[in-house]
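Numbering of ligands and ligand atoms starts at 1, following listing order.
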Amino acid sequence: MASGKILIVDDDRNLLEVLRVRVESAGYEVTTVTNEDDALAAARNDTFDLSIVDLQLERTDGITLMQELRLMTPDLPVIILTAFGTIDSAVRAVKKGAYGYLTKPFNPQELFSNIEKALENSQLTREISQLKGLLEEEYGSPNIIAKSEKMHQILTVVSRVAPSDSTIYIGGESGTGKEVIAKAIHVASTRKDKPFIALNCAALPESLLESRLFGHEKGAFTGAVQSTKGLFMQAHKGTLFLDEIGDMSLPIQAKVLRVLQERAFYPIGSDKLIEVDTRVIVATNKHLEDEVKKGLFREDLFYRIHVIPIYLPPLRERKEDLPPLVDYFLERLNKQMKRQIKGLTPEAMKKIMLHDWPGNVRELENTLEYAAAMARGDLITEEFVFPPRRGSSEEPLKPLKEARDAFERGYLIKLLEACRGNVSEAADLAGRYRTDFYALMKKHNLNAADFRRPS
Ligand SMILES: Nc1ncnc2c1ncn2[C@@H]1O[C@H](COP(=O)(O)OP(=O)(O)OP(=O)(O)O)[C@@H](O)[C@H]1O
Ligand SMILES: [Mg+2]
């Protein structure tokens, strides 16, 4: 059964009665009044989730009443009822912020679908504005720009999943805001006053990553002169953000899986089980399903972390976010650089709107920083919207991830050639375990046999 409190205002008593019966039978709580004074009095005494208002009222019109009601309930969704022939004013009402309009006589189906959608919409708006409030409290600014429908959906998911302790998986291209979202989840959770610790799993060699995550006992290995607390422990009661989890080696994946399942682990070289209450958020710009198929990512871990996936859309698929992002970054840059840049010329803005943004929000941020530094007046002109490229014959710059992969593949080929396909030797030279080296070869689809030549 549906639920919600609805205020219906119409001077036609018969219609009002019909509406009341219909809407009540669908499960809503209904209050009906015939004029604006009674409507305002009702709104003063009660909090409504939705109002259905006739366009033509005794004293004023439905639009004015809508505005007066909103003084008391700012986000109140309003559906306008209009007689046939006054559609123009109904459209005007929507422009002024009414959720929608229905022409009399209306069909019940349409009425209910409008009510349902309006209520759902206002629920989302409420959740998003609460989340933005929390972020603003934390950072002193809204911090996440989300104008597009796609980003609204993401923020709704964020506000819904934040309070639970579930592991969250954030996917999306480089620079789409994965870390921003991870922090937002932490800030909107009950863990917000405890640590948020971020670790980039791709930045550390395997053995170092292991001791960073789980800590070690003094003397656990050469160089372990002091025992250390791992990040799982440091983020106890808080949140641990494992960025680029797709780059974690298989043995460490196994250990992480165990922590997620048992909420306890042994530091390296210790036989004392440590229990932790750490919420884990992971992110990756890899297609992890493919990594699973290639045997580079544990399937059980994948399912364990993929309970609540959030996929951030690339910027080119949500260009409505560009203008508010531009404003947001310019405001920040003005503060940092002590400048007073007012905005972009129309040509410069056009260039921004037409670009594909392969580097996503981060690329936009860097582009604006360059443009702001170069701008002389208080407007950014188009000539500075993209930094000049060095040497036009040069290949366009690839995202770091792709560049790194290309380098890695070339490096492996050179090594295998030098060692004539002898994997142990190649692994030795690379300073990797043989199993790791095999995994790397598999990742790049390389076969040792192809490099074996008689010496
Ligand atoms: N919706 C947003 N509103 C405001 N700033 C954003 C938004 N999304 C991203 N940013 C900014 O863009 C930059 C990149 O974001 P972030 O580091 O979260 O991306 P990422 O997806 O983790 O990238 P990578 O895959 O390269 O690690 C940051 O400076 C961040 O503040
Ligand atoms: Mg990141």
Nearest to [atom] by heavy atom, [options]: which?
atom	options	answer
atom 23 (O) of ligand 1	G175, G171, P324	G175
atom 27 (O) of ligand 1	D243, L400, D321	D243
atom 15 (O) of ligand 1	S148, A198, G177, A184	G177

T125 and D75: side chain donor to acceptor below 3.5 Å: no

So for ligand 1, is [X] a polar contact partner (N or O within less than 3.5 Å, distance only)?
X	value
Y328	no
V180	yes
R332	no
I145	yes
E244	no

A146 heavy atom under 4.0 Å from ligand 1: no

4.0 Å heavy-atom contact, L364 with ligand 1: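 Distance cut 4.0 Å: L364 fails for ligand 1.
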
Nearest atoms (heavy-atom pairs only) where Y28 meets E116: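 Scanning both residues completely, I find the closest heavy atoms to be OH-CG, 3.8 Å.
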
Ligand-side contact atoms (ligand 1) for residue partner E365, heavy atom cut-off under 4.0 Å: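 Counting atoms of ligand 1 from 1, those under 4.0 Å from E365 are 11 (C), 12 (O), 13 (C), 28 (C), 29 (O).
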
Those atoms of ligand 1 less than 4.0 Å from some heavy atom in N285: 25 (O)

R191 side-chain N/O to K237 backbone N/O, donor-acceptor pair under 3.5 Å: yes

Which segment of L325 sits under 4.0 Å of ligand 1 when only heavy atoms are counted: side chain

Taking NZ, NE, NH1 and NH2 as the nitrogens, is one of them in [X] or [Y] under 4.0 Å from a carboxylate oxygen of the other?
X	Y	value
E210	K255	yes
K178	E173	no
K443	D290	no
K350	E347	no
D428	R434	no

Nearest-neighbour protein heavy atom for atom 20 (P) of ligand 1, which is reported as residue plus atom name and distance: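 The answer is K178 N, 3.4 Å.
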
F196 and H186 aromatic ring geometry - parallel, tilted or perpendicular at 30°/60° bounds: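 Rings of H186 and F196: tilted, as their planes differ by 30° to 60°.
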
Parallel, tilted or perpendicular: ring planes of W357 versus F386, cut at 30 and 60 degrees: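 Tilted, since the angle between the ring planes falls between 30° and 60°.
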
Minimum-distance atom from the Mg ion (ligand 2) among N, O or S atoms of D243: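 For D243, the N/O/S atom sitting closest to the Mg ion (ligand 2) is OD2.
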
